[in-house]
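The shown structure was predicted, so the numbers you read here are calculated from the model rather than taken from an experiment. Proteins get letters first, then strands, A, B, ... in listed order; numbering begins at 1 in each. Keep in mind that the numbers below use all heavy atoms, side chains included, and drop hydrogens, waters and symmetry copies.
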Amino acid sequence: MTVEDVKRTENSKALMLANEAMVRAALEADVKVVAFYPGSPVSEIMDTFSEVVDHFGDFKMEISANEKVALETVAGASMAGVRSLTAMKSVGMNVASDAMFSIAYTGLKAGCVVIMADDPYAHSSQSEQDSRYFGEAAYVPLIEPANSQEAYEMVKWAFEVSEKYRTLVLLRTTTRVNHARSMTQLGDMNRTPFERKKWKDVKDQYFTVGAVARELKIKLLKKREAMKEQFENSQFNKIDEGEGETGIITSGVCYLHTKEAMRNLGVSLPVLKIGTINPLPESKISRFMKDLDTVIIVEELSPYLETRITALAKDVNPSLRIVGKRDGSFSEALEYNVPIVEKVIATTLGVDTSVDYNRYLERAAELKRDLPERVPVFCPGCPHRGTLWAFRQALTRLRIRDDIVFNNDIGCYSMAFLPPNEFSDSMLAMGASLGISAGMSLVLEDKVIAMVGDSTLYHAALPGIVNLIHHNSNVTLFVLDNSVTAMTGQQYNPNTPFDAGGRSARKIDMDKLFEALGADSVTVIDPYQTRDCIDPIKEAIGRDGFNVIISRRECALYGDRLKKSRGERIPRSENDKETCRNIYACVKEFYCPAITIDESDYKIMIMETLCDGCLECRQVCPVDAPRHIVGR
Amino acid sequence: MEKTYNILFAGVGGQGLMLLSAVLGKAAVDAGLDVMTGETHGLAQRSGSIYVHFRIGKPISPLIPYGSADMLIAMEATEALRYIEYLKDDGVVIMSKNIMHPVAETKAVALDKTRKTKYYTLSAVEEQLRKVTSRVIALDSLGLAIQAGNARTENSVLIGAAAACPDFPISSEDLKNAVLSLVPPKTRDANAKAFELGTEAGTACLQ
């Protein structure tokens, strides 16, 4: 339904995720090139573009190997004269930022917008990184919306700003904005056909080093000055008039929490909502706080606004009391909600909160005391479960469980740090397992083992692999080849013969790649033949040199989709209770959520509604009790 | 609508919670009501705990404050208890009787040779919920779905039960139309039946 809202030609109101509203806005702004590497919380932006790429047929789209390539792709398209857009999660910007700092210097041609999403609470990220600093550090304008409507409007404005000042524009969101759905007023959809251009008609120079860079820096400073006035007066920096000597400065989703908290408290304090984070509307901020006695600054993560507002207050209102993070009222950790904001406002005003929130939290904790935790596990049918089981068996048989170091990487398989595996000595950043292994192998006596998925392999692991092979390192590398970028929603990557929208692409031949790089051995295993994986893993780990084990079987969710598209039924399994001897190997060493215990006889029971029919459980069962249900 | 009506949806990844929320979203929008949601997307793994904050009326923040949900709809029973801090005193709980046991719990049950370790039960969930509210609707949603002719209509059973609540802000008619307009055409009859069975069961529970 929402894809229909993205496609429709007329303006109307629609209930949309901010991620969908931003796609709609970019299409209304006639974007011509988009490129992405998926990452939560922005994956739905790429997925929505993928769903409509054939429908429109008038823009180009690529699923890039990583965020840096995606950013360079859209920057290249801008230089070539068409509007372009990319979106990435916070840590994706770390990868892309090398190019971004230079692009800021050279500037661009056509409108180029980067959506960049932070993840307070680290719902699905390695850290609670605050990426607002990127704008200021790179001299790139950065704006921040509070909801779908504003996200929609800001994307359109960002294209205009980008063209006017010939600069990249960063649109920073947080998970709560990306994944909130609200009513959005759309505009008209007037697309133009895609036309190739000639370089001589659009050309300019995009080159920066030394003397050129020094010249560009001066221009960059002037550009920032030129932008300031427009940003000062932007509709996205707005003051809600109110009463009293206490005011609030906020931005993003915190503005919404603040407004609701004030409604709950029955108070109406003046509020300045900041939409342009860089450059900041300094004059507006100064005017707003000039006559206040106290200002409450509501922002998640670092005291970015607070630090800058404190500096401004020194000149316009030195006695201003600032309630924020520095005085301990708010935390720099986790994400905010209405109760957190309401408590600080209430304390500052010396009143009670509208609801005794602590009572509900304390009561809930008491009620849930015995409730079993639901820790994430691999899906039923996941090939990683079999790979990791076989890996553990191999370590046990080699008697080296305590003589290895295991460097994990980013993907579903990061969950190897949870039971029943519980081995991950490190897990840092995309592809980092290889570099970390390089350092460890220089120092440790132990066997060094790294693990990456196929998408991570092509994203950022290749330089680390080249480095290990070049230095004759003794490292065993597992590549979990499940065909797609599974964790973010089974998107295509260079390991598939498909691109966005299912269009054809060239699949990189992984086995030949490792051969060509000079790996000492490449072993391919099938995790569904789980028992048969143990010996090849033992052999590969036992060898010296750089040895690769490719565990190849498609992601269960992707596999189910393929089966359904071919009209095949997904088989289900059952436990043959006659054969089952209550050994529980499938329970203690395997952790499949489809397996439960029948409390009447304490035999295991396979939940038909959850089972994917992979029969990996039969492979780990010493007596082969699980089997397919005949006729299903 | 002057007041904001808050619903917290809870469930386990893979149960179709997002579709349930989309159906209700469409129903509310078609009824001319303002809607806002705060959803869990992201890591694609199934079997994790997930939720949707669903707000109708005049919400400002996408997140429901603690103690402020009028209704909690859980597609799995223990997930109702997991988010209980959101429910207001005497709010409505609509939940499936289905329990999906976490693997660590299964391991504890299997390996206890004394057989004293038992699975967390539906009655334990209900007992705890009743300390907060008397309005608990526990449905055999799968059984009712099968009775309706299609095991995959559990969502419609739960939405049908919501329609049984007197203070629910969307009319039963609007709710049903939204359900039927979003389900695959060949499952319409089964979904309509599931919706009705849900309403009947919900009405019975509230009496």
Original post:
Around B:E173, counting heavy atoms of other residues, nucleotides and ligands shown, do more than 12 lie under 6.0 Å from its CD?
Top reply: no
**OP:** Kindly give the heavy-atom pair with the smallest separation between A:H257 and B:S61, and that separation in Å.
**Re:** ND1-OG, 2.9 Å
**OP:** Name the option with the most non-hydrogen atom pairs under 4.5 Å to chain A; the candidates are B:A151, B:P62, B:A110, B:P59.
**Re:** B:A110
Original post:
A:L17 and B:E39: side-chain contact (heavy atoms from CB on, under 4.5 Å), yes or no, with the steps?
Top reply: CA-CA 9 Å; A:L17 280 181; B:E39 311 184 357; 3.9 Å; yes
**OP:** Name the member of B:T4, B:V125, B:V109, B:L129 that forms the most heavy-atom pairs with chain A at distances under 4.5 Å.
**Re:** B:V109
Subject >> Top contributor to chain B contacts, counting heavy-atom pairs under 4.5 Å, from A:P38, A:P339, A:P380 >> reply: A:P339
Subject >> Distance in Å, B:L111 CG paired with A:N582 CG, rounded so as to fall on 0.5 Å steps >> reply: 11.0 Å
**OP:** Among the options B:Q128, B:K118, B:M100, pick out the one with the most heavy-atom pairs lying under 4.5 Å from chain A.
**Re:** B:Q128
Original post:
Side chain, backbone, both or neither: which part of A:P41 has a non-hydrogen atom closer than 4.5 Å to chain B?
Top reply: neither
Original post:
In terms of heavy-atom proximity below 4.5 Å to chain B, should A:L15 be classed as side chain, backbone, both, or neither?
Top reply: side chain
**OP:** Among B:I64, B:L81, B:L142, B:I84, single out the residue with the greatest number of heavy-atom pairs under 4.5 Å to chain A.
**Re:** B:L81
Original post:
Given that the side chain runs from C-beta out, which part of A:I604 has a heavy atom under 4.5 Å from chain B: side chain, backbone, both or neither?
Top reply: neither
Original post:
Is A:R374 salt-bridged to B:E105, going by a charged N under 4.0 Å from an acidic O?
Top reply: no
**OP:** Count the heavy atoms belonging to other residues, nucleotides or ligands that lie under 6.0 Å from NZ of B:K193, then report whether that count exceeds 12.
**Re:** no
**OP:** Carefully, step by step, assess B:D89 and A:R359 under the rule side-chain contact (heavy atoms from CB on, under 4.5 Å).
**Re:** CA-CA 11 Å; B:D89 294 337; A:R359 179 173 80 87; 2.6 Å; yes
Subject >> Sequence neighbours excluded, every pair satisfying salt bridge (charged side-chain N to carboxylate O under 4.0 Å, His left out) that has a member inside residues 581-592 of chain A >> reply: none
**OP:** Examine whether an atom of A:R363 lies under 4.5 Å from a heavy atom of chain B, and if so say whether it belongs to the side chain, the backbone or both; otherwise answer neither.
**Re:** side chain
Original post:
Does the distance from a Lys or Arg side-chain N to an Asp or Glu carboxylate O, for A:E366 and B:K131, drop under 4.0 Å?
Top reply: no
Subject >> B:D34 and A:K13 ion-paired at < 4.0 Å >> reply: no
Subject >> Segment of B:V12 engaging chain A (4.5 angstrom heavy-atom cut-off) >> reply: side chain
Subject >> B:Q15 portion near chain A, given a 4.5 angstrom heavy-atom threshold >> reply: neither
Subject >> Segment of A:C592 engaging chain B (4.5 angstrom heavy-atom cut-off) >> reply: backbone
Subject >> Proximity breakdown for A:P419 and chain B, heavy-atom pairs closer than 4.5 Å >> reply: neither
Subject >> Residue among A:V375, A:V587, A:L361 with most heavy-atom pairs under 4.5 Å to chain B >> reply: A:L361
Subject >> Engaged part of A:N178 at the chain B interface, taking heavy atoms whose separation is under 4.5 Å >> reply: neither
Original post:
Under a 4.5 Å heavy-atom cutoff, which of A:T609, A:D370, A:I340, A:V253 has the most pairs with chain B?
Top reply: A:D370
**OP:** Work out which heavy atom in A:L367 is nearest to a heavy atom in B:Y120; give both atom names and the distance.
**Re:** O-OH, 4.3 Å
**OP:** Working to the nearest 0.5 Å, report the span between CZ of A:F378 and OG of B:S47.
**Re:** 12.0 Å
Subject >> Atom CG of B:D189 with >12 non-hydrogen neighbours under 6.0 angstrom >> reply: no
Original post:
Nearest 0.5 Å, what's the CD1-OG1 distance between A:I595 and B:T106?
Top reply: 9.0 Å
Original post:
Under a 4.5 Å heavy-atom cut-off, does chain A meet the side chain of B:S181, its backbone, both or neither?
Top reply: neither
**OP:** Locate the shortest heavy-atom distance separating A:V355 from B:Y66; write the atom from each residue and the value.
**Re:** CG1-O, 4.1 Å
Original post:
With a 3.5 Å cut-off and no angle check, do the side chains of B:H101 and A:T596 form a donor-acceptor pair?
Top reply: no
**OP:** Below 4.5 Å from any heavy atom of chain B, which atoms of A:L610 appear? Answer side chain, backbone, both or neither.
**Re:** side chain
Subject >> Leading residue by heavy atom contact count with chain A [cutoff under 4.5 Å; candidates B:R82, B:E79, B:M36] >> reply: B:R82
**OP:** Answer yes or no: is there a side-chain heavy-atom contact under 4.5 Å between B:V35 and A:R181?
**Re:** no
Original post:
Between A:E373 and chain B, which part of the residue has a heavy atom less than 4.5 Å away: side chain, backbone, both or neither?
Top reply: backbone
**OP:** Check for a donor-acceptor pair, side chain of B:T37 on one end and backbone N or O of A:A180 on the other, with a separation under 3.5 Å.
**Re:** no
Original post:
Would B:R55 and A:E260 pass as an ion pair if we require N to O under 4.0 Å?
Top reply: yes
Original post:
Between A:Y584 and chain B, which part of the residue has a heavy atom less than 4.5 Å away: side chain, backbone, both or neither?
Top reply: side chain
Original post:
For atom OH of A:Y121, is the number of surrounding heavy atoms from other residues, nucleotides or ligands below 6.0 Å larger than 12?
Top reply: no
Original post:
Which atoms form the tightest heavy-atom contact between A:Y357 and B:P65, and what is the distance?
Top reply: CE2-CB, 3.8 Å
**OP:** Could you tell me whether a side-chain N or O of A:E599 sits under 3.5 Å from a main-chain N or O of B:Y119, the two making a donor and an acceptor?
**Re:** yes
Original post:
Heavy-atom distance under 4.5 Å between the side chains of B:H41 and A:N19, does that happen here?
Top reply: no
**OP:** Please lay out, stage by stage, how A:K368 and B:E85 fare under the test salt bridge (Lys or Arg N to Asp or Glu O under 4.0 Å).
**Re:** CA-CA 10 Å; A:K368 288 190 268 190; B:E85 60 270 32; 2.8 Å; yes
**OP:** List the atom of B:L63, the atom of A:V338, and the distance in Å for their closest heavy-atom pair.
**Re:** O-CG2, 4.2 Å
